[in-house]
There are 2 protein chains.
Amino acid sequence: MSDSGTTDILIDISTAILRAQDGVLQFRALQDANDGDKRLPFGPFMPDRHRTMEIGLRQWVREQVGVDLAHVEQLYTFADQGRHHGAAKDERHIVSVGYLALAQDNMAAEDAAGAAWDDLYRYFPWEDWRDGRPEILDAMILPELDKRLSGEPLAAARVRLAFGGHDDTPWDEEFVLERYELLYEAGLVEEAARDGRSKDTARGLGDSMQLDHRRILATALGRLRGKLKYRPVIFDLMPDRFTLRALQKTTELVIGTSLHKQNFRRLVEKSGFVEATGETSRARGRPAELFRFRHGNRAERPLAGLRVSAGRKSRAPK
Amino acid sequence: MSDSGTTDILIDISTAILRAQDGVLQFRALQDANDGDKRLPFGPFMPDRHRTMEIGLRQWVREQVGVDLAHVEQLYTFADQGRHHGAAKDERHIVSVGYLALAQDNMAAEDAAGAAWDDLYRYFPWEDWRDGRPEILDAMILPELDKRLSGEPLAAARVRLAFGGHDDTPWDEEFVLERYELLYEAGLVEEAARDGRSKDTARGLGDSMQLDHRRILATALGRLRGKLKYRPVIFDLMPDRFTLRALQKTTELVIGTSLHKQNFRRLVEKSGFVEATGETSRARGRPAELFRFRHGNRAERPLAGLRVSAGRKSRAPK
DNA sequence: TTATTTATACTCAAAATGAGTATAATTGTT
DNA sequence: AACAATTATACTCATTTTGAGTATAAATAA
């Protein structure tokens, strides 16, 4: 079977490191030169030195940004040509493996040169619905997609699937990658022009990144949004003790929509994931009880995550 | 960044092709020599010839087994050393990308040499709970895991997470890979002995496969089980028209448990995924109405899949 | 004609959900 | 000290969803 390809392959491992801080969803971004596009921490997978890819990932993360990783999970392996513009000129073909990692709120390590925490939604402004449907969708994105993809046969269906239609196909917050890919194909993000897919000179939507790193970030956000619903990963974004309000704010940050406070509390309390510490946090208003994640007697629990919902749908007519 | 590894890398693309046929969950298996372990269709990713990995995958599937693929989805990229025993002696390190593909029930193409449809659960006998909890779990698997992993610090928690504890941590049908990996680590599957991880000579659990192909199969089954719950992929395993009973049987086949007939019908009818054709199928008993999948007006729909459930939990005390 | 088998319809109680209203406990302001 | 503002928390209530049946219908096989 190993008839072997004629070309050699280089595998890049890139990691989207996310955290929630002061009401902002952030990721660890690196800036090489001054002023160029930012990038994720990444480096080649070297099987001699890295027994597994996760070991490789941790090496690059350690060397490039000083962050302690909580949850780490592989996202996707991208191998399509032409999406790695700007890579060092190496005669090898590049395959890109993306990872998602979560960092606790209060981690130190702000120092590493050129590394900073960037606001994720600056790169995906159409994904933040916390203050309602972003205007840019109807003002620009949907009309432009419609115009630019009118040639494609199935484009209309793909757009409706990804961005939501009217009542029948609602916005699905998990389709982050599908939306980004459509914008890329339509030439609405700068990466498309850079890769030679679009001759557009207008500034694209959101901030752009090196290589295919914004695509990896999109995959990370979509995966995290999905995972929240069935595994308690949200707690990896929380400090040791937290109020239920803070937990809600972090959840809203990730899924990009607002939730009903009383019902969120009921949901969380009933889930058994948290236990009260007895302490309270004071700020303005009535003090809130501090909770902690309950990896109580059972080390890890496979319980359902926090299922959040979009609101009752009015009964479909017949 | 591309400081380059010193070793070259070979990427193998392997595909688990599943279908449901006559009440059996099957996958497309190949036998090279007579009598050796079976394998999945696979081959190297060759960037010169394959613009994307999915193109490569389709080439190897076409050449090795004659099957038309419906849904295709990437599963995971495995790069840990030592799990590829039996690979052709190539000085390159092997990275293995696994894919899941679904084939319609009634596809032809039985011919390709050495290719057959194998019963998936023969390779994972502990995963089929349709007739209740498999006896092998308590008779052999759990005691052996307990014994063999007693050295590992966190083993007990991992076992309980993967195989379910008593009341608090129920069996989660999606953790197929986690269970297989535990059995591998404990030396309870033949692949472990073959890879030099275990000196066991006793026959392992379930049929073994070449390379890491059973691991890919485990990943495929787990992913499919999870996906059923939120996307309508089950219909990719169904013929054009089907009775609700057949749909239920196929669902049960995949998730490995039995469902309540009347409630399943209610769920499916309400979901809007199917529409009646007016025709009926006759067999023994009252004829059943034939339905078809409704990619009606809207080409694809992002609606929730068929959520199936394990039975009401009695209220937790307190 | 009757038993058997399968499909389909309907019931009913429990639990979960969406959307509030009501009340409590603080801090900041007058 | 009184009160407004703010936040947390408790509770209500109508609907919907869910689990688990019972009842009835329409076929085949004996």
Side-chain angles (χ1 to χ4, degrees), chain A residues 23 167 170 229-230 241-252 255 257-292 303-318, chain B residues 23 170 228-230 241-252 255 257-292 303-318:
Chain A
D167 30 273
K229 287 167 198 141
Y230 58 99
R241 334 184 137 225
F242 48 82
T243 64
L244 294 188
R245 189 62 169 161
L247 185 65
Q248 178 181 347
K249 285 298 178 192
T250 303
T251 304
E252 291 174 340
I255 63 176
T257 56
S258 302
L259 301 170
H260 183 283
K261 181 151 85 162
Q262 298 92 323
N263 291 347
F264 182 82
R265 158 176 282 267
R266 177 174 67 187
L267 182 75
V268 172
E269 288 191 311
K270 216 184 28 178
S271 77
F273 282 130
V274 300
E275 59 190 4
T277 61
E279 302 164 64
T280 55
S281 92
R282 67 261 131 59
R284 204 166 34 222
R286 174 172 171 176
E289 177 128 43
L290 284 172
F291 290 80
R292 77 162 71 84
L303 300 179
L306 303 172
R307 328 221 39 270
V308 291
S309 126
R312 187 101 65 192
K313 273 143 212 104
S314 52
R315 208 165 186 17
K318 177 78 209 277
Chain B
L228 271 200
K229 288 166 197 142
Y230 59 99
R241 329 182 139 224
F242 47 83
T243 63
L244 294 187
R245 189 60 171 162
L247 185 66
Q248 179 181 346
K249 285 299 177 191
T250 303
T251 305
E252 291 175 339
I255 64 176
T257 56
S258 302
L259 302 170
H260 184 283
K261 182 152 85 164
Q262 298 93 321
N263 291 348
F264 182 82
R265 159 175 282 266
R266 177 174 67 188
L267 182 74
V268 172
E269 287 190 312
K270 215 186 29 182
S271 76
F273 282 132
V274 299
E275 59 190 3
T277 62
E279 301 163 65
T280 56
S281 92
R282 68 263 132 58
R284 204 163 38 220
R286 175 173 169 177
E289 178 127 43
L290 284 172
F291 289 80
R292 75 163 73 84
L303 301 179
L306 304 173
R307 328 221 37 272
V308 290
S309 126
R312 186 102 64 192
K313 272 145 213 102
S314 52
R315 209 168 186 12
K318 159 107 217 219

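Just so we're on the same page: letters track the sequence lines, and every chain starts at 1. If you're wondering where the values come from, they're calculated on a predicted model, not measured in any experiment. Computed from heavy atoms alone, side chains included, the values below leave out hydrogens, waters and symmetry copies.
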When rounded to the nearest 0.5 Å, the distance separating CG of L247(B) from CZ of R245(B) is 11.0 Å
Atom CD of Q248(A) and atom C1' of dT7(D) are separated, to the nearest Å, by 12 Å
Margin query: Does dT7(D) have its OP1 or OP2 closer than 4.0 Å to a side-chain nitrogen or oxygen of K261(A)?
Written below: no
Between CZ of F242(B) and P of dT6(C) the distance, given in whole Å, is 20 Å
Rounded to whole Å, CD of E269(B) lies from P of dC10(C) at a distance of 11 Å
Return a table of donor-acceptor pairs under 3.5 angstrom between the side chains of residues 279-290 of chain B and protein atoms on other chains or two or more places apart.
unit_1, atom_1, unit_2, atom_2, d
E279(B), OE2, R241(B), NH1, 2.1

Between L244(B) and R266(B), whichever has its closest DNA chain C nucleotide further toward 5' is L244(B)
Across all chains, not counting sequence neighbours, the side chain to side chain contact (heavy atoms under 4.5 Å, CB included) partners of E269(B) are L244(B), R265(B), F291(B)
When rounded to the nearest 0.5 Å, the distance separating NZ of K249(B) from CG of L259(B) is 9.0 Å
Give each protein N/O atom lying under 3.5 Å from an N/O atom of nucleotides 21-27 of chain D, with the pair distance.
unit_1, atom_1, unit_2, atom_2, d
dG21(D), N7, H260(B), NE2, 3.0
dT22(D), O4, Q262(B), NE2, 2.6
dA25(D), N3, R286(B), NH1, 3.2

Problem set entry | Touch class at under 4.0 angstrom, heavy-atom based, for R245(A) against every strand present | sugar-phosphate
F264(B) atom CZ is separated from dC10(C) atom P, nearest whole Å, by 20 Å
Correct closest heavy-atom pair for Q248(B) and K261(B) would be OE1-CA, 3.5 Å
One should read off an interatomic distance between Y230(B) OH and K229(A) NZ, to the nearest 0.5 angstrom, of 10.0 Å
